[in-house]
Amino acid sequence: MKEDDREQTYDFDVIHERRGTNSAKWDGTPHPDILPMWIADMDFAVLPEIQEALGHRVQHGIFGYAWPDDSYREAVCGWMKRRHDLEIRPEWIQCSNGVVTALKTAIQAWTEPGDEVAVITPVYYPFYKSIEGNGRIVRPLSLTLRDGQYILEDEELRKLDGAKLLLFCNPHNPAGKVWTRQEQEKIADACRRYDVKVVSDEIHGDFIRPGVRMVPFWNAAPDARDWSILCTAPSKTFNLAALWTSNILIANDDMRKAFALVMDRNGAGNPNIFGIDACRAAYTFGDDWVDSLNAYIDSNFRFMKNYLLTELPQLQMIEPQGTYLAWVDCRALGMDASQLETFMKEKARLLLDEGVIFGQAGAGFERFNVACPRSVLKQALDQLRDAVRELDLQAD
Ligand SMILES: Cc1ncc(COP(=O)(O)O)c(C=O)c1O
């Protein structure tokens, strides 16, 4: 399809039946009448050009080992430049079977068992598992919730002293925080001072709300190219998670070699041929689709915020600046973490990501995935409202 002929409008209201499709989100939900709003994939069909590219590959009928060729690398470089004003060289791209695999690889490549690896909590739970599962120790820096927004106090940065690596979630999952240039400069200063390498996980970097700017870590601290890596992927942005294709950007030659060696040792570096096709199509044709998607997600966030204000004032959504994840403070319901989980599942009939899995500071919170048609989001909120009302009636 030529670029000019493309249909520019996309319909994110369409409901696609995902039950019975081996979907972890839908088929992995314990009961068919529980609505899944948990794992971070979207209930939207992918960009038509991706479907077309995959269709061509299926018709070709041969699925041997894949090779990320020049056109693939150029598509990745073009996307980073257009969307994030990030200049990268094609040879810096190291393919990985997912970003979590890259986190584990980085931990193995640049730290030793017993070393401390820093994270900023509450944070995406595989960060902890990647550190502890590799025999390293978690060094937590805490976000502070102030006036409805998460901030990292300057004194927390001192806790980087002694850590070997920082797993930086940029934008931040689950808080939906998009780190500013100034905040990242402070983090980079501390990492320089304490000689801490950084893995900046930028997988959510394409989901940015109006008026907010995504600043890749390398643009906040250009010298950080020498001591940090960026984890990028089309998987969240274009709903391609199960194609297991991520692009890890490593500018420093020695770091790239060390990373590739560990990848090879673990047998994890071969790209997926469907992932290559999908990523190339996404990064070549996907700009308008992502803009429309971001507008839809933004309106879902606004819908949810308004709904909570009017129907469920006990719950407070932390205003997200990016991602498609709503982090909701449910502490006013007065339940401990396990009661809250049972309430959500058994009374509201919702499967959410329990706040406590993101760290103790997340206890009493719930993470809602709002990358779904508005009608599904409304149904989830109606179920929650009815369950809370019932709770209030019982208390009277
Ligand atoms: C911050 C973050 N990193 C990584 C991942 C998962 O990446 P992958 O599926 O490529 O391993 C997620 C998924 O939700 C995420 O939120």
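Just so you know, these numbers use all the heavy atoms, side chains as well, and skip hydrogens, waters and symmetry mates. Start at 1 and go down the list; that is how both ligands and their atoms are numbered.
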Report every pair formed by an N or O atom of ligand 1 and a protein N or O atom separated by less than 3.5 Å, giving atom names and the distance to 0.1 Å.
unit_1   : atom_1 : unit_2 : atom_2 : d
ligand 1 : 3 (N)  : D201   : OD2    : 2.5
ligand 1 : 10 (O) : V99    : N      : 2.7
ligand 1 : 11 (O) : V99    : N      : 3.2
ligand 1 : 11 (O) : V100   : N      : 2.9
ligand 1 : 14 (O) : K236   : NZ     : 2.9
ligand 1 : 16 (O) : N173   : ND2    : 2.8
ligand 1 : 16 (O) : H204   : NE2    : 2.7

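- A donor atom on one side chain and an acceptor atom on the other are found under 3.5 Å apart for D43 and W26.
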Given D382 and K378, is the salt bridge (Lys or Arg N to Asp or Glu O under 4.0 Å) satisfied, shown in steps?
CA-CA 6 Å; D382 285 348; K378 181 174 182 313; 2.8 Å; yes
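- In this structure, R374 is not positioned above the aromatic face of F12 in the sense of NZ or CZ being under 6.0 Å from the six-membered ring centre and within 45° of the axis.
- The side-chain heavy atoms of Q51 and P48, taken from C-beta on, include no pair separated by under 4.5 Å.
- Among residues two or more places apart in sequence or in another chain, the side chain to side chain donor-acceptor pair (under 3.5 Å) test is passed with D223 by R192, W227.
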Assess the residue pair D353 and Y124 against the criterion (side chain to side chain donor-acceptor pair (under 3.5 Å)); give the C-alpha distance rounded to whole Å, side-chain angles, the decisive distance to 0.1 Å, and a yes or no.
CA-CA 10 Å; D353 277 303; Y124 178 55; over 6 Å; no
